[in-house]
2 protein chains.
Amino acid sequence: MTHEIATDELALPKNVRLACRDGRQTGTTRGLAMGYVQCNLVILREAYAYEFLLFCQRNQRACPVLEVMDRGNPEPTRLAPGADLRTDLPRYALYRQGRRQADVRDITDLWRDDFVAFLIGSGITFDQALEDAGVPTTTDRWVLRTALPTEPAGRFRGPMAVTMRWLSPEHAITATQVTARFPFNHGAPLHIGDPAVIRADLKNPYFGPPVDKVPPSVVPVFWACGVTPQEAAIAAGIDVMITHSPGHGFVTDRLARDLATP
Amino acid sequence: MTHEIATDELALPKNVRLACRDGRQTGTTRGLAMGYVQCNLVILREAYAYEFLLFCQRNQRACPVLEVMDRGNPEPTRLAPGADLRTDLPRYALYRQGRRQADVRDITDLWRDDFVAFLIGSGITFDQALEDAGVPTTTDRWVLRTALPTEPAGRFRGPMAVTMRWLSPEHAITATQVTARFPFNHGAPLHIGDPAVIRADLKNPYFGPPVDKVPPSVVPVFWACGVTPQEAAIAAGIDVMITHSPGHGFVTDRLARDLATP
């Protein structure tokens, strides 16, 4: 039985997950369940789990691990008891040998009992706090490759991905202060101003339209992005990996404000 | 050639480590290299590294991992390039099957090429910041077992260890604010007041003299302690583990203030 989803229904994490599970929600999770922690998802085989966890530990700002599931377990008992990572995202990306093969709605058939799932904090998590402080979050946002190196761990290595938001000077200052209160979810920006300094690839964004030039009134602000570990795993060319599809995250039951330092 | 170590010599991390390396420094590292990050050390075999790293990730407050060495590598290239974890602590504790067998000065002969070394932030790290804020740090400090559970990971489990400091009310408030600025090194206290609430074992401290009762003028303040992962590893009874001897930490080249949120 399908029915129209009322917008206020999708204010609650459990409803978002159920709507994903039964196929009513297939689009982006941005703007849904505002004020709750959202996560990026990376699933890979147990054989790579240590190196990947180590990569995240060495690059905490880009890869803030919020929960690691036990081998073969699709339930995030700490962040959303009763949820199922195989069904509760709107869209997944399947990679084989480092190449994106397909996007799928459900990964139940692909699940292996030697899979280890990682939930990594997403920048979407602090959108409510930004909005509460008057900083707009719905437009002018990108995910970009840069030349900033990550600390390698085993086969995982490669450049850092960043989120870029175009803000007014006033909002850039506010956004810095607000996000600095989330050290366990990317924290404060890592760069502000000229994208060329970090060699952010404006022409080929991971997410968002290509950019020719930054308007003079805009202050570009950059945060370490949770797409980074995914990109490292792709570069490692490991046999199989499943991630959330960009912008289609996992909505947890945790309040974002509980992740912030008081 | 041995010679007396001038106190100001031991204000610098490299000098502390060299004094440990050549046997001139065998005592506690508390009060040495004030203002620099000090670490607890846990070394175990590669076979346990993933579960142990996962235990630390699940118990971040007690087990703030600052660096993990690659397999067989005794050099902490990120925290103290050129240092050697086999020689540069004043005293080590050797455990076999979970039992403390011996304390030794040097672990070069014990080193294995499948060892993985973990450096975990110590509460000593914020002593300078506390002193700067007028909070005394040289007396009235303990490490205690509690009944607070940790999040288990594989074979690693068990109760949390805490640091207890006895402070005046004014200093307790200041200490809370100061340490809250170190989310990546234990952070703010996890309890304040009655030890019985967390079933802190005052009669059998891991470090410090047994306590009968807390004087009425004192406010006991408790932080998650970096001895926790060590205790979990002991409880796991793994075949061999080497740690720092309590109070005899590893002094890094990093400034403590760089670990604090600005």
Side-chain angles (χ1 to χ4, degrees), chain A residues 44-61 63-73 76-79 114 116-121 149-157 176-190 229 258-262, chain B residues 44-61 63-73 76-79 114 116-121 149-157 176-190 229 258-262:
Chain A
L44 28 70
R45 292 200 303 112
E46 181 182 34
Y48 306 109
Y50 176 65
E51 275 177 30
F52 186 75
L53 182 57
L54 187 55
F55 180 81
C56 293
Q57 186 279 324
R58 290 178 174 170
N59 296 281
Q60 191 275 342
R61 237 164 148 197
C63 316
V65 175
L66 298 184
E67 183 166 6
V68 184
M69 279 17 82
D70 286 334
R71 178 191 197 274
N73 190 350
T77 54
R78 296 160 196 85
L79 293 179
D114 69 340
V116 177
F118 294 77
L119 287 173
I120 294 163
T150 52
E151 270 280 352
R155 70 203 86 204
F156 297 105
R157 50 191 63 239
T176 297
Q177 293 173 273
V178 167
T179 57
R181 292 174 25 234
F182 291 82
F184 297 113
N185 195 96
H186 304 297
L190 51 62
D258 292 343
L259 253 198
T261 49
Chain B
L44 29 70
R45 291 200 304 112
E46 182 182 32
Y48 307 108
Y50 176 65
E51 274 177 32
F52 186 73
L53 183 57
L54 187 55
F55 180 81
C56 293
Q57 186 279 324
R58 289 178 174 169
N59 297 282
Q60 191 274 344
R61 237 164 148 196
C63 316
V65 175
L66 298 184
E67 185 167 2
V68 184
M69 281 12 86
D70 286 333
R71 178 191 197 273
N73 190 351
T77 55
R78 296 160 196 84
L79 292 178
D114 68 341
V116 177
F118 293 78
L119 288 173
I120 293 162
T150 52
E151 270 279 355
R155 70 202 88 206
F156 297 106
R157 52 192 60 240
T176 297
Q177 293 173 269
V178 167
T179 57
R181 291 172 27 234
F182 290 83
F184 297 113
N185 196 96
H186 303 298
L190 49 63
D258 291 344
L259 252 197
T261 50

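Computed from a predicted model, the values in this text were never measured in an experiment. We name chains A, B, ... by the order of the sequence lines, and we start the count at 1 in each one.
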Trainee: Answer with side chain, backbone, both or neither: which region of Arg78(A) has an atom nearer than 4.5 Å to a non-hydrogen atom of chain B?
Mentor: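 Side chain only.
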Trainee: Using the ring-ring contact (aromatic ring centres under 6.0 Å, His included) criterion, which residues pair with Phe184(B)? Sequence neighbours excluded.
Mentor: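 With neighbours one apart ignored, the set is Phe184(A).
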Trainee: Under a 4.5 Å heavy-atom cut-off, does chain A meet the side chain of Arg58(B), its backbone, both or neither?
Mentor: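 It is the side chain, since no backbone atom gets that close.
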Trainee: Please classify the contact of Glu67(A) with chain B as side chain, backbone, both or neither, using a heavy-atom distance under 4.5 Å.
Mentor: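 For Glu67(A), backbone heavy atoms alone lie under 4.5 Å from chain B.
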Trainee: Which atom pair, heavy atoms only, marks the closest approach of Gln57(A) to Val65(B)?
Mentor: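 Looking at all heavy atoms of both residues, the closest pair is NE2-O, 3.2 Å.
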Trainee: So which residue, Asp70(A), Leu66(A), Thr261(A), ends up with the most heavy-atom pairs under 4.5 Å with chain B?
Mentor: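 With the most close heavy-atom pairs to chain B, the winner is Asp70(A).
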Trainee: Could you pull out all residues at least two apart from Phe52(A) that satisfy ring-ring contact (aromatic ring centres under 6.0 Å, His included)?
Mentor: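 Applying ring-ring contact (aromatic ring centres under 6.0 Å, His included) to Phe52(A) gives Phe118(A), Phe156(A).
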